[in-house]
Protein chains: 2
Amino acid sequence: MYQTGQELRQAARRGEFTAHTSGLARGFVQANLVVLPFSWAYDFLLFAQRNPKPCPVLEVGDPGDPHTRALAEHADVRTDVPLYRIYESGELVDERKEITAIWRDDFVFFLLGCSFTFEQALLDAGLTLRHREEGRNVPMYRTNIPCRGAGRFQPSPMVVSMRPYLPGDAIKAVELTREFPMVHGSPVHLGDPRRIGIEDIEKPDWGDKVSIRPGEIPVFWACGVTPQLAALVSEPPIMITHAPGHMFVGDRRNYEFKL
Amino acid sequence: MYQTGQELRQAARRGEFTAHTSGLARGFVQANLVVLPFSWAYDFLLFAQRNPKPCPVLEVGDPGDPHTRALAEHADVRTDVPLYRIYESGELVDERKEITAIWRDDFVFFLLGCSFTFEQALLDAGLTLRHREEGRNVPMYRTNIPCRGAGRFQPSPMVVSMRPYLPGDAIKAVELTREFPMVHGSPVHLGDPRRIGIEDIEKPDWGDKVSIRPGEIPVFWACGVTPQLAALVSEPPIMITHAPGHMFVGDRRNYEFKL
């Protein structure tokens with residue numbers, strides 16, 4: 001399997017790896033991708049500033065430049081993500097393995113923190129990750145928690161990821177993840193899913209269902225899929241993202257993002 | 001004296017209060033102000049994203065709108081700061097008590113975290129603040145630590161504020177301020193000032209000199225005056241800021257910015 005972010009990116013670049021990245025290239029930072037035309041970049045950067053829990057910005061490219069500098073040495077965001085989603089005017093129109101052919105001179109990429117980064121800290125402290133135990137992608141849900149709008153980005157709902165824990169471990173998970181504010185930080189909710197507008201915990205909007213065992217409560221973290229929902233609502237002419245769970249994997253270590 | 005941010009802002013608005021704000025309206029958040037034309041707003045927001053220690057963004061206004069919503073309920077950034085500085089093409093051209101007459105429809109304001117906010121945590125933990133003991137503004141210095149550039153904002157030097165402590169208290173100060181990442185967080189340096197390009201600790205570039213007593217070492221935090229130096233270097237046609245130490249004071253409590 002892939003030992004480093006670079007190995008995983010190279011496999012994605014060759015089109016060989018198109019799966020979700022939870023638990024892969026262990027120890028290396030993972031990130032959400034958003035690509036927008038420069039004319040929408042300010043509104044999005046402001047949307048991220050106003051919604052730092054779901055949208056912690058780790059790196060922003062210069063207009064037209066698809067190469068990273070902060071999270072990885074000269075990675076190419078057009079090819080190095082396992083799977084991409086293309087949104088046009090708020091509609092998901094395509095899913096593809098690379099975006100080189102449709103890259104434009106006015107495109108700006110944003111890489112946002114991902115909860116897969118703090119998962120290592122949870123494992124290292126002896127906590128479980130149910131979706132990894134069950135070989136699945138983490139479950140993600142649309143909530144009724146409103147994001148703040150910014151320019152043409154409307155106040156759209158926050159997306160959350162969920163991991164089930166016994167109450168004592170839920171407390172530990174709060175303590176551990178607060179130390180990682182740049183990758184969503186502490187949870188936004190725990191317990192009754194209906195309090196944040198999730199009607200059926202068995203039916204995630206993205207990712208896979210996982211088991212919740214007797215005595216466990218669901219714990220919810222802000223999720224970097226939030227901008228994809230914002231795109232559906234706010235309808236930029238074009239926006240490209242990673243497919244949920246199919247993250248950009250960098251060269252920097254997870255623990256570099258610990259406070 | 002002023003018990004709340006609102007009282008201080010009202011006095012500033014009436015033109016009665018034009019002094020520095022260290023130690024005033026105790027318990028209320030203080031912030032650095034930057035005002036730029038909208039055409040420079042993206043470059044600045046990106047500069048802030050790439051330099052989060054000196055430039056933690058707490059609030060951004062909508063174009064033309066001088067009223068705050070996040071840090072204070074409907075404060076007016078044109079009148080509510082004690083003293084303003086006007087920079088034109090990289091030159092400090094004026095210092096004035098209000099900017100209503102020169103406000104423009106395309107102006108965007110940014111409020112950035114200020115170390116005065118974590119000073120309360122230092123006091124509450126029994127640490128001293130030499131500049132307050134001596135009734136002065138905090139000393140601020142230009143360093144040789146480069147900021148990352150962003151668009152037209154060149155890689156300009158980081159500005160730091162300095163507080164002297166005995167080594168044991170310096171350690172405590174690191175522990176306490178790391179809990180406040182949105183107001184500069186932990187220090188960027190401690191000890192020998194020359195290692196960060198400060199030739200003479202007795203001659204701050206902004207604010208006032210303070211005493212360093214036997215056994216004490218200077219401890220340096222990233223400072224929100226950094227954008228003013230960036231403006232000198234990068235020469236936007238117009239940029240308006242607070243005068244160093246003469247901060248915007250909000251309605252939110254310092255401890256709301258603790259992690």
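Each chain gets a letter, A, B and so on, in the order its sequence line appears, and its residues count up from 1.
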**Pairs touching residues 145-160 of chain B that satisfy side-chain hydrogen bond (donor to acceptor under 3.5 Å, both in side chains), sequence neighbours left out** = B/Asp43-B/Arg152
**Asked** Considering only heavy atoms, which portion of A/Phe44 lies under 4.5 Å from any heavy atom of chain B: side chain, backbone, both, or neither?
**Response** neither
**Asked** How about residues 242-259 of chain A versus chain B: which residues have heavy atoms under 4.5 Å apart?
**Response** A/Lys258, A/Leu259
**Request:** Sort A/Ala70 into side chain, backbone, both or neither according to what part of it lies under 4.5 angstrom from a heavy atom of chain B.
**Result:** side chain
**Heavy-atom neighbours of B/Arg69 CZ exceed 12 at 6.0 Å** = no
**Asked** Is the number of heavy atoms from other residues, nucleotides or ligands within 6.0 Å of CZ (B/Arg85) greater than 12?
**Response** yes
**Message:** Please identify, among B/Ser186, B/Ala48, B/Pro52, B/Ala41, the residue contributing the most non-hydrogen atom pairs under 4.5 Å to chain A.
**Reply:** B/Ala41
**Item:** Nearest heavy atoms of B/Gln49 and A/Val60, plus distance in Å
**Value:** OE1-CG2, 3.7 Å
**Message:** Tell me if the CZ atom of A/Arg104 is crowded by more than 12 foreign heavy atoms within 6.0 Å.
**Reply:** yes
